[in-house]
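Presented below is the structure to which this report refers.
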Amino acid sequence: MDNYNPLPVEKKWQESFEKNKVFKTKSEKNKKFYCLEMFPYPSGNIHMGHVRNYTLGDVIANFKRLNGYNVLHPMGWDAFGLPAENAAIQNNLHPQEWTLKNISTMKSQLKRLGLSIDWDKELSTCDEKYYKHQQIIFSNFFKNNLVYKKESYVNWDPVDNTVLANEQVIDGKGWRSGATVERKKLSQWFLNITKYSDELLNSLENLKGWPEKVKLMQKNWIGKSEGCEIDFTTDYKDTKIKIFTTRPDTIFGASFIAIAPDHPFTESFKDEKNFKDFKNTALKNIRIESELSKNEKLGFKTSFSVFHPFSNKKIPIYVANFILMDYGTGAIFGCPAHDQRDLEFAIKYDLEILPVVTPDKSKAINIKDQAYTEDGYIVNSEFINDLTIEEAKRKIIQKLEEKKIGKSKITYRLKDWGVSRQRYWGCPIPIMYREDGKIILVPEKDLPVTLPKDIDFNKPGNPLENHPTWKYTKCPETGMKAIRETDTLDTFVDSSWYFLRFCSPQENNKPFNTDEANYWMPVDQYIGGVEHAILHLLYSRFFTLALKNEFKLKVSEPFENLFTQGMVCHPTFKTKEGKWIFPKDVIEENGGFFLKNKEKVLKGDSQAMSKSKKNIIDPDDIIKIYGSDSVRWFILSDSPPDRGIQWSDSGIQGAFKYIQKIWRTYEKIKIYKKVKDEKENKFFVSTNLLIKEVTDCIEKFHINVAVAKLYVFLNNINEQIEMKTLEKEEIINVYKQYLIIISVFIPYIANECWQKITGKDDLVNQEWPKIKDSLLKKDNFEIVVQIDGKKRAIINATDNENEDSIFSKSLAIKNIKVILDEKIIVKKIFIKNKLLNIVTNDK
RNA sequence: GCCCUCGUGGUGGAAUUGGUAGACACAAAGGACUUAAAAUCCUUGCCCUUUUUGGGAGUGCCGGUUCAAGUCCGGCCGAGGGCACCA
């Protein structure tokens, strides 16, 4: 028998798919399925993470197509971003050339995988045909007050004179210059996502098809807190400090006020030397975020106080390094007895610790180094004594509102989205600053504002800013001089609406065609990495809400079902000096690991594949040896798709063997002859059951289990071939059903075998095999017989066979009888067609 | 620190949601075929035993609920992830 050689076969079918536009989206508007995987950043080559992501999506898309859905399965490129600029600097290659080259490479790699993508829908975010519409969306947000400018901090490299992205700051230093990064305030554009805080939070519970984990992460990110604001009157010219608290019930335990270092109240003493020093250290420490929680709680005692709103007691005001100006009101009252952080602060500065909540009314509570934060009753608190915490909160808020010094208030952790980037390779913001100081939009007819091609990366800073002419323009209305916005948009903006654009990527006048979008949206299945659980997915939800009215969208949520796939992992290798080594450069010998020059290599634990640790396997290298089908099959088997998968050589070899076995099965069927008769054959029943199980597994994303069932399926077919009791036609029919099913996973071998066995190449036009309910009804069952819950025997029974009959059959079994002879039967538990448990007095 | 998830053979993992634990695969050992290798196929896989269609232990640890627990409840231990001065 010939071996199956995947490479020429796969090439043949790839060309055939392409030539015949097999995966083109249909125009008729019947039941639809929009299957989308997160689009890739064109970094150079596809990696195993892409292979897993797109293969997974392809299984779903193929499955739905065979089940009669009109499927939209597009692909595009998240093509703006910093690495293109870095490559430009390093290789003296224009970001656009670098990007386009990468897109072309990766596109051919994806095609080689046999993905059922409609390439006519391809889009790229760095294409002006795409970002023109993003500028229209920005203009729209501008008109609807969803975008505004405010001062905000950036990472500033004082040596390179440039703004750094967070990932360019390493241990607080600039990645190129090594200079300590400073915080610098710049005026930047913000999208008003917080306007939708409540809606984004509340509709999470309607997202039934999202993983609970992701919803929880978003919920925590939005971070809703219910509490109240209280105005405290100070002894400085009667000014007021507004604080936010979730624990107004502890107001009588307040022993200090703490405000943020950049709180407006600090204006009156901002030039005091002691305060300046304090503020500098406090703000400096904020920059290294990981250090924050370890930081010591430091306070600066001001010479001012506030008056308690109910007791009129004087309470000192501190400036504290742990109070953030951009959360709540930038000020709190500290109640040390019932907040751990306040307690630490109070101990350090010797402030009063007055317990006002007790778990037990009859006993006094004593606070040492643990704040009491549990439920209880209020004490030491005048008119709210003896109330529960909840009652006290309500009472205090009511009193505050009566006295007009406070009100209930909901605060969110979610902040508005800063979208300005001081970068070249991004979508230009369609804004002009007119010489009379007015900020105006570039009119829609003048869009897109395109990026200049001739740029100089040798000068530090933003090339758009440095460009000799690009930013100078004129106001089209007044003819006044104007300067263009030189910031570009965060690339997360690009990916916040691309799923809408895919519905009508050729639409010229609008970001998307309303009818098409309303037909295809929402995305029925979205698949991607869990690392996007918060930002990308939240931003996309925000965009959908924000665009809804203006563009007449029917949906409020973009992604009906979300699946977050796990990472592809591989062991890491290092030399003694700690240099990372590619797995392909490592040779295993007698349990040890070596380089080609015999240098010893240390094997580390398995981690997610990453360029920096070099524990990567290039899909190209693998496909060249085993073919695409093998890679697809392996990456789908073994591990549940939402968990990490261990890449292994033996695993891919196993997959390759399976592909070979599919081929051998075809060759055996080709020469098959029936030689004997057999009355009873469970084959069709078990096949039908397998089809049902595989179908269920795919629908539930248990792809690894579906794969396991398909091993059984093929083994069963081969068993039947050996038995030689079926008609050839019968074997072929089951094999054809099998091929339809595996074509969803591994299209090339499936199409090849189908063509060989049927003489036609119309596998893609087939229907998913029907499950025959009549065959699902079994008439034979294996009944488990237990004594006191322990399995003792298995009995064959007919459908619905009754308890007495099963019981008497059990007694006929020797060891059951032996055991029961010594015991008295107390009762029997019987479950039809399944189980009989005989319970005795002797447990 | 807070929140979440997960602990099953040498390994990746199944188990219809409380009803036969270990499907399927990888790796290993033994065998068949072969001059040989590769490929392929078969067998084995905890302990005891009268070698069986027998018994026992067994899903991180301790306890509980139940006729019955990998699955439910309580406590502990361990691994991974998210948030991180959020008032």
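Any value given below was found using the heavy atoms of this structure, including those in side chains, with hydrogens, waters and symmetry copies removed.
As a whole-Å value, the separation of A:R413 CZ from B:C3 C1' is 12 Å. Rounded to whole Å, the distance from CG on A:L811 to P on B:U53 is 21 Å. Across the protein-nucleic acid pair, A:K224 atom NZ and B:A87 atom P stand 14 Å apart, rounded to whole Å. In this structure, A:Q660 places its CD atom 8 Å from P of B:U40, rounding to the nearest Å. Atom CZ of A:F634 is separated from atom P of B:A27 by 11 Å (rounded to the nearest Å). When the P atom of B:G82 is taken as reference, atom CG of A:L535 falls 12 Å away, rounded to whole Å. If you measure from atom CD1 of A:I315 to atom P of B:A87, you get 20 Å, rounded to the nearest angstrom. Atom NE2 in A:H702 sits roughly 14 Å away from atom P in B:G13 (whole-Å rounding).
Between A:E344 and A:R341 there is no salt bridge, since none of the side-chain N atoms of the basic residue sits less than 4.0 Å from a carboxylate O of the acidic one.
Comparing the same atom, C1', in B:U8 and in B:A21 gives a spacing of 8 Å after rounding to whole Å. Using atom P as the reference point in both B:C62 and B:C77, the two lie 15 Å apart (nearest Å). With P as the reference atom, B:A57 and B:U51 are 22 Å apart, rounded to whole Å. B:G58 sits 14 Å from B:A69 when the C1' atoms are compared, rounded to a whole Å. Atom P of B:G63 sits at a distance of 23 Å from the matching atom of B:A79, rounded to the whole Å. B:A39 and B:A29 have their P atoms separated by 14 Å, with the value rounded to a whole Å. Distance noted for atom C1' between B:G13 and B:C61: 23 Å (whole Å). Nucleotides B:C26 and B:G81 have their P atoms positioned 30 Å apart, rounded to a whole Å.
For the pair A:N715 and B:A25, the criterion of a side-chain N or O lying under 4.0 Å from OP1 or OP2 is met. Contact check, A:R341 against B:C86: a side-chain N or O comes under 4.0 Å of OP1 or OP2. Side-chain nitrogen and oxygen atoms of A:Y711 include none within less than 4.0 Å of the OP1 or OP2 phosphate oxygen of B:A25. For A:N704, no side-chain nitrogen or oxygen approaches OP1 or OP2 of B:G12 to under 4.0 Å. Phosphate proximity of B:G56 to A:R792: present, with a side-chain N or O under 4.0 Å from OP1 or OP2. Within the structure, every side-chain polar atom (N or O) of A:S637 is placed at least 4.0 Å from both OP1 and OP2 of B:A25. Within the structure, every side-chain polar atom (N or O) of A:K213 is placed at least 4.0 Å from both OP1 and OP2 of B:C4. Of the side-chain N and O atoms in A:K661, one or more sit less than 4.0 angstrom from OP1 or OP2 of B:C41.
Between the side chain of A:K709 and the base of B:C24, no donor-acceptor pair of N or O atoms lies under 3.5 Å.
With hydrogens and angles ignored, the 3.5 Å screen pairs no side-chain donor or acceptor of A:D249 with any backbone N or O of A:A392.
Here B:G82 is the nucleotide among B:U40, B:G82, B:A14 with the atom lying nearest to any side-chain atom of A:I534. For A:I794, the side-chain atoms get nearest to B:U20 when compared with the rest of B:A87, B:G19, B:U20. Proximity note for A:S650 (side chain, C-beta onward) versus B:A27, B:G19, B:U40: the nearest is B:A27. Closest to the side chain of A:I829, from the set B:G13, B:G19, B:C86, is B:G19. In this structure, the nucleotide among B:U20, B:C67, B:A27 sitting nearest to the side chain of A:K791 is B:U20. When distances run from any side-chain atom of A:V705 to the nucleotides B:G13, B:A15, B:A87, the shortest one goes to B:A15. In the set B:C41, B:G19, B:A23, B:C41 carries the atom at the smallest distance from any side-chain atom of A:R664. Comparing B:A23, B:A68, B:C83 by their closest approach to the side chain of A:W221 singles out B:C83.
Looking at which nucleotide of RNA chain B each of A:P640 and A:K827 is closest to, the 5′-most match is held by A:P640. If you find the closest nucleotide of RNA chain B to A:F333 and to A:N220, the one lying nearer the 5' end belongs to A:N220.
At the heavy-atom level, A:E782 lies under 4.0 Å from base atoms of the strands shown. Here A:L216 lies in heavy-atom contact (under 4.0 Å) with sugar-phosphate atoms only. At a threshold of 4.0 angstrom between heavy atoms, the contacts of A:Q653 with the nucleic acid are absent. Using a 4.0 Å heavy-atom criterion, one finds that A:V784 contacts the bases of the nucleic acid, with or without backbone contacts as well. A:K790 comes within contact range of the sugar-phosphate backbone alone, with a heavy-atom separation under 4.0 Å but no base atom that close.
Using cut-offs of 30° and 60° for the angle between ring planes, the A:F265 and A:H263 rings count as perpendicular.
Looking at every heavy atom in both residues, A:D638 comes nearest to A:N704 through O-ND2, 3.5 Å.
Under the 6.0 Å cut-off for aromatic ring centres, A:F300 and A:Y318 do not qualify, their centroids lying 6.0 Å or more apart. If you look at A:F634 and A:F656, their ring centroids are not closer than 6.0 Å.
Nucleotide B:G1 forms a pair with B:C83, judged by Watson-Crick or G-U wobble geometry with both contacts under 3.5 Å. Taking a pair to require two hydrogen-bonding distances under 3.5 Å in either a Watson-Crick or a G-U wobble arrangement, B:U59 remains unpaired. Pairing partner, B:A14: none, since no Watson-Crick or wobble contact has both distances short of 3.5 Å. With a cut-off of 3.5 Å on both Watson-Crick or G-U wobble distances, the partner of B:G78 is given as B:C6.
Remark: the A:T194 side chain and the A:D416 side chain contain an N/O donor-acceptor pair separated by less than 3.5 Å. A:T798 and A:E801 share a side-chain donor-acceptor pair at under 3.5 Å.
Nucleotide B:G60 is shown with an anti base, its glycosidic torsion being more than 90° from 0. For B:U59, the glycosidic angle deviates from 0 by more than 90°, giving an anti base.
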Stepwise, does the side-chain contact (heavy atoms from CB on, under 4.5 Å) test hold for A:L207 with A:L562? CA-CA 9 Å; A:L207 295 174; A:L562 172 70; over 6 Å; no
